[in-house]
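A short worksheet on the structure shown next.
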Amino acid sequence: MSAEADNTASPDALTSLTPIQRKTLQALRRSGKPLVFEEGLVADIRTDMRVALDHFAARLDDGQDLFVTKHRIASVLDCEAHFLAPDEFEWTPATAKGQIAHRAIQLLLGWSGEPSPTDLVDEAMARLADEDRGIGIWIATLDKGDEADTRGLSTERVTKFVESFPPLDRRANPVTEAAAQWPVSGPILLRARVDLMIGRPSGNESRKVIIDLKTGRVGPRHRQDLGFYALVETLVRGVPPRKLATFYLDAGEAQTEDVSERLLRTAVRRTLDGINAMVELGAEGRPPAKRPGSGCRWCPLAEGCDEGQAHLATFDTH
């Protein structure tokens with residue numbers, strides 16, 4: 001599948017695809033004229049972001065750094081008390097399957113022949129275990145039961161990807177775990193890591209498609225996360241992507257949105273709102289606000305939080 005694909009795919013190529021693969025291709029392909037944003041728009045966005053980051057940096061304590069990611073923005077804008085709570089993350093088969101599947105898909109893009117999802121996951125786990133850090137240390141010490149559970153969950157995710165996506169054309173530069181950072185240095189850095197990006201640059205034309213792979217149900221935060229990805233890509237490359245997609249593997253369906261000036265400016269406002277809250281909480285000592293929501297179900301503070309308990313009680317009455 002080419003990110004620049006229009007309606008020129010050969011009939012033979014289309015008939016070799018499954019119905020769900022054709023649906024995915026249709027959702028992600030380009031239709032209409034090439035998309036080119038005015039250079040002045042990108043310059044304005046960069047200027048607005050630089051001025052704002054300089055303002056926020058002046059409010060930080062000396063030597064204090066602030067790393068801004070989609071997760072941290074979403075967390076601080078959802079519930080500030082939860083944002084400040086100790087991070088109790090730990091690796092489990094359920095939390096590891098995503099990273100293992102991403103590595104397996106990365107291997108798929110460069111693999112000759114047609115490897116099975118099981119082969120890809122086995123190789124991904126072996127390579128990660130050789131990396132003496134993070135998830136690699138956890139994989140290397142798994143007992144047989146947890147190893148089998150992890151392999152099974154990861155293989156299911158990779159299988160759904162392979163069955164849902166048409167073959168990715170190498171000429172379209174498909175990349176998994178595509179990392180980006182802006183600016184190059186400073187106390188405040190925006191960092192993004194995209195599940196899948198497709199598209200070969202060509203001048204100022206917007207060609208790239210940013211894809212976030214999800215399991216489970218649709219959430220409003222997913223579209224906002226993609227907006228952050230589009231903003232960082234625009235700041236780094238100087239050319240906005242043309243389309244954003246959240247692909248729900250369980251449902252075999254992509255929810256897409258064309259990139260527009262409005263989308264980019266909305267992402268700027270949301271990102272700056274998130275950074276402002278982080279600075280107020282982390283450097284200026286403002287008490288955190290509690291905002292009950294879906295995150296209460298896994299918040300470590302929920303047991304002692306009256307607002308959270310009241311919110312959770314509403315689930316018991318429906």
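Just the heavy atoms: all of them, side chains too, but no hydrogens, waters or symmetry mates, feed the values below.
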task = Would you list the pairs meeting ring pair (Phe, Tyr, Trp, His ring centres under 6.0 Å) in which at least one residue belongs to residues 33-71, sequence neighbours left out?
result =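 Sorted pair list comes back empty.
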
Are [X] and [Y] close enough that some pair of their side-chain heavy atoms sits under 4.5 Å apart?
X: Leu28; Y: Phe165; result: yes
X: Met125; Y: Glu147; result: yes
X: Ile211; Y: Val194; result: no
X: Gln181; Y: Val236; result: no
X: Gln255; Y: His222; result: no
X: Leu25; Y: Gln21; result: no

ask   = Any luck finding a side-chain donor-acceptor pair between Arg269 and Thr266 under 3.5 Å?
value =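 Checked: Arg269/Thr266 side chains pair up, N/O donor to acceptor below 3.5 Å.
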
So among [options], which one has a side chain to side chain contact (heavy atoms under 4.5 Å, CB included) with [X]?
X: Thr155; options: Leu120, Thr118, Asp119; result: Thr118
X: Ile210; options: Leu226, Asp195, Leu196, Val259; result: Leu226
X: Lys70; options: Asp212, Leu190, Val232; result: Asp212

request  = Check Lys160, Lys214, Arg217 against Asp250 for a salt bridge (charged side-chain N to carboxylate O under 4.0 Å, His left out) and give me the one that passes.
outcome  =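 Among the candidates, only Lys160 passes.
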
remark   = Sorted by chain and number, sequence neighbours left out, side chain to side chain contact (heavy atoms under 4.5 Å, CB included) with Glu114 holds for none

Residues in side chain to side chain contact (heavy atoms under 4.5 Å, CB included) contact with Gln224, at least two apart in sequence or another chain = Arg221, Arg270

task = Tell me whether Tyr229 is reachable from Ile198 by hopping between hydrophobic residues (I, L, V, M, F, W, Y) whose side-chain heavy atoms are closer than 4.5 Å.
result = no

key: Residue pair Leu35, Asp258: steps toward the side-chain contact (heavy atoms from CB on, under 4.5 Å) verdict   = CA-CA 10 Å; Leu35 177 63; Asp258 292 332; over 6 Å; no

ask   = Are there more than 12 heavy atoms of other residues, nucleotides or ligands under 6.0 Å from atom CD of Glu284?
value = yes

Quick check against the 3.5 Å criterion: does [X] have a side-chain atom that pairs as donor or acceptor with the backbone of [Y]?
X: Thr24; Y: Ser164; value: yes
X: Arg157; Y: Gly98; value: no
X: Glu80; Y: Ala289; value: yes

inquiry  = Run the salt bridge (charged side-chain N to carboxylate O under 4.0 Å, His left out) test on Arg207 and Glu205 for me, step by step, so that the C-alpha distance in whole Å, both residues' side-chain angles and the decisive distance to 0.1 Å come before the verdict.
reply    = CA-CA 6 Å; Arg207 288 189 165 196; Glu205 181 183 345; 3.5 Å; yes

ask   = Other than Val239, what residues sit in its cluster of Ile, Leu, Val, Met, Phe, Trp and Tyr side chains whose heavy atoms are under 4.5 Å apart, directly or through others?
value =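 Once heavy-atom contacts under 4.5 Å are chained together, Val239 still belongs with nothing else.
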
task = Among Ile, Leu, Val, Met, Phe, Trp and Tyr joined by side-chain contacts under 4.5 Å, find the other residues sharing a cluster with Val36 and list them by chain and number.
result = none

request  = Evaluate side-chain contact (heavy atoms from CB on, under 4.5 Å) for Arg265 paired with Asp48, printing each intermediate quantity in order.
outcome  = CA-CA 10 Å; Arg265 293 198 182 277; Asp48 290 346; 4.0 Å; yes

inquiry  = Does anything in residues 131-141 form a side chain to side chain donor-acceptor pair (under 3.5 Å)? List the pairs, not counting sequence neighbours.
reply    = Arg103-Glu131, Glu131-Arg133

request  = Verify side-chain contact (heavy atoms from CB on, under 4.5 Å) between Leu153 and Ile100, making sure each step is shown before the conclusion.
outcome  = CA-CA 10 Å; Leu153 291 172; Ile100 294 170; over 6 Å; no

key: Worked verdict on Thr95 versus Glu90 for side-chain contact (heavy atoms from CB on, under 4.5 Å)   = CA-CA 8 Å; Thr95 58; Glu90 62 179 358; over 6 Å; no

Closest non-hydrogen atom pair between Ser206 and Arg242, with its separation =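 Scanning both residues, the minimum pair turns out to be O-CB, 3.3 Å.
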
